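For reference, the structure is listed below as structure tokens.
This one's a predicted model, so the numbers in the text were calculated from it and none came from an experiment.
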Amino acid sequence: MLRPRSGMQQWVAREQYTLRPSVPAVEYTDPFGNLCQRIVAPAGPFSIHTAADIQAADAADAMPGAPYVPAEQLPVETLPFLLPSRFCESDRFTEMAASLTQEQTPGWDQCQAIVNYIRQTLDYRPGTGQQIISAVEVNQRSMAVCRDMAHLGIALCRAISIPARMVVGYLQTLTPMDLHAWFEAYVGGRWYTFDPTQSNLDGARIAIAYGRDAADVAVYTQFGAPVELIGMQVSVEPLLHPPA
């Protein structure tokens, strides 16, 4: 799952996708609208290289005061993002989420209060989270990676009936550079970006995949004999001129 799609917040102007050795690939769209490629990898060394020129905003939108949308008024496509999922056990956070957000205006401000809590209680440690853990487990620790912090934010938002979904992609200003995870919450009639790992929303973001949690947005999922990941390199550079 490595192909970004064009949408409201990004436009894919050019794209390259190379498999070495070359094998047939079948592309399909999953239930969350992500572009997926299905391949049978041959025995021996195998590599996937992707590159894209993408137009995106220099920062994600913020809208303090954006109102809470009652469940009966939510678009049907947002409803799956209200439910507990494998790594976001929102049913375990009902009291905690209510306590954290009780003094906030329902909606965007509640989501920001959740982000502030995560930043204050967890130390962001890139590269330390090899095993995927759930929001309940994250909340018992003192440090986490971006994926873990997103899981906790999603679970807390859903616990107060705000749809929340996980996003995996690229952040131009991320240091050290790698694939990145954050979450979006549906308030004020649209999805807004929230990122507990960053002090602000500056930097262009390129979304590759959306889902309920990390189980839905894996870069690759393998079946059959185990494979060894030899290496992965991620680079993001601003273009001097917008792609034509």
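- In terms of heavy atoms, L19 sits closest to A25 at CD1-CB, 4.3 Å.
- Of the possible polar contacts, none joining the H180 side chain to the C146 backbone as a donor-acceptor pair under 3.5 Å is found.
- Connectivity analysis of hydrophobic side chains (ILVMFWY, heavy atoms under 4.5 Å, direct or indirect) links V167 to W182, Y210.
- T101 OG1 to Q110 CD: the interatomic distance, rounded to the nearest 0.5 Å, is 4.5 Å.
- Remark: M63 CE to C111 SG distance equals 13.5 Å, nearest 0.5 Å.
- Considering only heavy atoms from C-beta on, V138 stays 4.5 Å or farther from F87 through its side chain.
- If you chain together hydrophobic residues whose side chains sit under 4.5 Å apart, I154 and L82 never meet in one group.
- Atom CG of D58 has 12 or fewer heavy atoms from other residues, nucleotides or ligands within 6.0 Å.
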Exercise for the section: Might you work through the side chain to side chain contact (heavy atoms under 4.5 Å, CB included) test for R147 and I132, ending with a clear yes or no? Expected result: CA-CA 8 Å; R147 175 197 61 226; I132 302 177; 3.9 Å; yes
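- For the pair L83/S90, no side-chain contact is recorded, criterion being any heavy-atom separation below 4.5 Å from C-beta on.
- Listed by first then second residue, pairs satisfying side chain to side chain donor-acceptor pair (under 3.5 Å) with a partner in residues 75-85 read S85-R158, S85-D213, not counting sequence neighbours.
- Cluster annotation: F194 and Y186 are assigned to distinct hydrophobic clusters (Ile/Leu/Val/Met/Phe/Trp/Tyr, side-chain heavy-atom contacts under 4.5 Å, transitive).
- Judged purely by atom type and a 3.5 angstrom limit, Q10 has no side-chain atom pairing as donor or acceptor with the backbone of G7.
- Closest heavy-atom contact between D178 and M232: OD1-CE, 3.8 Å.
- Q16 CD: more than 12 foreign heavy atoms inside a 6.0 Å radius.
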Exercise for the section: Verify side chain to side chain contact (heavy atoms under 4.5 Å, CB included) between V23 and V40, making sure each step is shown before the conclusion. Expected result: CA-CA 7 Å; V23 296; V40 177; over 6 Å; no
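- With a 4.5 Å cut-off on side-chain heavy atoms, M96 and L156 count as touching.
- Linking Ile, Leu, Val, Met, Phe, Trp and Tyr residues whenever their side-chain heavy atoms come within less than 4.5 Å places Y17 and I54 in a single cluster.
- Within 6.0 Å of the CD atom in Q222, the count of heavy atoms belonging to other residues, nucleotides or ligands exceeds 12.
- For R205 and D195, the salt-bridge test passes: some basic side-chain N is under 4.0 Å from an acidic carboxylate O.
- Here the side chain of E89 pairs a donor or acceptor atom with the backbone of A135 at under 3.5 angstrom.
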Practice task
Could you walk me through whether I206 and Q172 pass the side chain to side chain contact (heavy atoms under 4.5 Å, CB included) test, one step at a time?
Solution key: CA-CA 8 Å; I206 306 300; Q172 175 193 350; over 6 Å; no
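- The closest side-chain heavy-atom distance from F93 to N139 is below 4.5 Å.
- At a threshold of 4.5 Å between non-hydrogen side-chain atoms, the residues Y170 and L179 count as touching.
- Atom OG1 of T197 and atom CG of D148 lie 11.5 Å apart (nearest 0.5 Å).
- Counting heavy atoms from C-beta outward, F81 and F183 have side chains that stay 4.5 Å or more apart.
- Here the side chain of R5 pairs a donor or acceptor atom with the backbone of G33 at under 3.5 angstrom.
- Scanning both residues, P163 and L74, for their nearest heavy atoms gives CG-CD1, 3.7 Å.
- With hydrophobic clusters built from ILVMFWY side chains whose heavy atoms lie under 4.5 angstrom apart, W108 shares a cluster with I160.
- Other residues, nucleotides and ligands place more than 12 heavy atoms under 6.0 Å from the CD atom of E72.
- Taking both residues in full, the closest heavy atoms of M1 and D216 are given as CE-O, 3.6 Å, listed atom of the first, atom of the second, then distance.
- To the nearest 0.5 Å, atoms CG (D109) and CD (Q112) are separated by 8.5 Å.
- Between L201 and A62, the shortest heavy-atom contact is CD1-CB, 4.1 Å.
- Contact detail for P24 and I39: the closest heavy-atom pair is O-CG2, 3.7 Å.
- With R212 contributing its side chain and P84 its backbone, the two residues share no donor-acceptor pair below 3.5 Å.
- At a threshold of 4.5 Å between non-hydrogen side-chain atoms, the residues D61 and R190 count as touching.
- L79 and W191 fall within a single hydrophobic cluster, where Ile, Leu, Val, Met, Phe, Trp and Tyr are joined by side-chain heavy atoms under 4.5 Å apart, directly or via other members.
- A donor-acceptor pair under 3.5 Å is formed between the side chain of T121 and the backbone N or O of Y117.
- Interatomic distance, CD of E15 versus OG1 of T50, reported as 7.5 Å (0.5 Å rounding).
- A distance of 10.5 Å separates OG1 in T18 from CD1 in I48, rounded to the nearest 0.5 Å.
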Problem - CA sep, side-chain torsions, deciding dist, call: F32, V217, side chain to side chain contact (heavy atoms under 4.5 Å, CB included) - result: CA-CA 10 Å; F32 305 105; V217 297; over 6 Å; no
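- Using a 4.5 Å heavy-atom cutoff, the side chains of L122 and P196 are not in contact.
- Environment of CD in Q102: crowded, with over 12 heavy atoms of neighbouring residues, nucleotides or ligands closer than 6.0 Å.
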